[in-house]
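Computed from heavy atoms alone, side chains included, the values below leave out hydrogens, waters and symmetry copies. Per chain, numbering begins at 1; letters A, B, ... match sequence-line order.
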Amino acid sequence: MDNKQTQHELLKGFEIDGFRNDLINWFIQEQRDLPWRKDQDPYKVWVSEIMLQQTKVDTVIPYFNSFIEQFPNIESLANAAEDKVLKAWEGLGYYSRARNLQSAVREVYESYGGVVPNNAAEISTLKGVGPYTTGAILSIAYGVPEPAVDGNVMRVLSRVLHIREDIAKPKTRKLFEAVIRDMISRDNPSFFNQGLMELGAMVCTPTSPSCMLCPVQEHCRAFHEGVQRELPIKSKKKSAKQVSLVAGIFKNEEGQYLIHKRPSEGLLANLWVFPNFIKLDELGTTKQQLESLMKTEYGLDVEMGDYLCDIRHVFTHLVWDINVYVGTFHGTPPADRKDVVLVTEEEMLEYAFPVSHQNMWKEYKK
DNA sequence: TAACCGTGGAG
DNA sequence: TCTCCAAGGTT
């Protein structure tokens, strides 16, 4: 609980000035040329930080470029249709990030005159902006000396300062924030924060850190003690639970396919999918279940066709095993079902699908 | 606090 | 194939 005392102990005898200078000078020399580093536009910094949450740089780059091209500023994103935003996010995962980002951008547009707030009190109230993102935007876009503690920072500092707290525990982040508040450069908080993250990504990597290339090697307690591979301490998460699903790609006489919009909260919220249901053993064969559920759920008579394929969709905390069938349907779904549409192959391109359903379609088109 | 929320790549 | 990971946030 007493972080103040703990962090004071941790920094006793540590050469903060030397560490800070070596880190920042290394970052100036070695930083990667990334699209969101071309300027410090707070909006672009914000978009990049949201995309980078739990996502690798190489994955983000093409999404960032395309997103900024479509929504170059606060106003354009605030006025965009949510479906367009989700389509731009398609395949990137954690889709609530996209919906929260647009919601927060709309608030900035309406309540802050389109200017991203430059203080923690206001910016941290925005949807999808937590402690890390608050610090990242403030330090990178506005030069405010606020900690930005992510996984990289906790790993790097666990090693440099030989901290053995479990970084998987939420409470541990606060200790690192307290440490950073004592360490961060007042002259260049942006490069200090980015330097820690860049070092974590490029040198002080999780499994085999390149200590011989490290600009802060001489400051690193773990290196001196030869324990860098034991750090950081991180407890393991529970394994994912498995769920069996059945899904169908159904086409009518006019070449239209039936797709369904998922609910606005929870897993894959507001994304579009082919009809799919949790499999229940007591309801007969998979094929029979699908036929009967299409009647129950959509009021549609279907003719079942062939088995198509199995698709496995692995989430962080869940695994879907999906048996996919093809079939035909007749008639139209109830008019009040706004979450169900009939689309041609051409029109389908405008809808955002999760990767598993994109893969179903690819199999279907083979 | 711990569970929930995606995806693709590395080892 | 399996586990872990990656610039976290929300509930």
| message | So, under a plain 3.5 Å distance rule, would you say the side chain of Thr55(A) forms a donor-acceptor pair with the base of dG6(B)? | response | yes
Q) If only atom types and distance count, is the side chain of Glu90(A) paired as donor or acceptor with the main-chain N or O of Phe353(A) below 3.5 Å? A) yes
Query raised in the report: Does a nitrogen or oxygen in the side chain of Arg97(A) sit under 4.0 Å from OP1 or OP2 of dT10(C)?
Result: no
The nucleotide from dG8(C), dC2(C), dC4(C) with an atom nearest the side chain of Asp150(A) is dG8(C)
For nucleotides dA3(B) and dC4(C), find the distance between their P atoms and express it as a whole number of Å. 15 Å
Closest to the side chain of Pro131(A), out of dG9(C), dT7(B), dC5(C), is dG9(C)
Quick check on dC4(B): is either OP1 or OP2 less than 4.0 Å from any side-chain nitrogen or oxygen of His317(A)? no
Could you check Glu297(A) against Arg337(A) for salt bridge (Lys or Arg N to Asp or Glu O under 4.0 Å), going step by step and ending with a plain yes or no? CA-CA 10 Å; Glu297(A) 182 66 15; Arg337(A) 288 292 297 268; 3.6 Å; yes
*asked:* With a cut-off of less than 4.0 Å, is there a side-chain N or O of Lys238(A) near OP1 or OP2 of dA3(B)?
replied: yes
### Query
Taking the side chain as C-beta and beyond, is there a heavy-atom pair between Val203(A) and Trp26(A) under 4.5 Å?
yes
Check: Using a cut-off of 4.0 Å on non-hydrogen atoms, how would the nucleic acid contact of Arg155(A) be classed: base, sugar-phosphate, or nothing?
Finding: sugar-phosphate
CG of Leu293(A) to OH of Tyr298(A), rounded to nearest 0.5 Å, is 9.5 Å
| query | Between dG9(C) and Thr133(A), is there an OP1 or OP2 to side-chain N/O distance shorter than 4.0 Å? | reply | yes
Among dT7(B), dG9(C), dC5(B), the one nearest any side-chain atom of Leu267(A) is dC5(B)
>> Is there, by distance only and without an angle test, a donor paired with an acceptor across the side chain of Thr316(A) and the base of dG6(B) below 3.5 Å?
In response: yes
query: Between the side-chain atoms of Tyr94(A) and the base atoms of dG6(B), is any donor-acceptor pair under 3.5 Å?
result: yes
From the candidates dT7(B), dA6(C), dC2(C), the one with an atom nearest any side-chain atom of Pro354(A) is dT7(B)
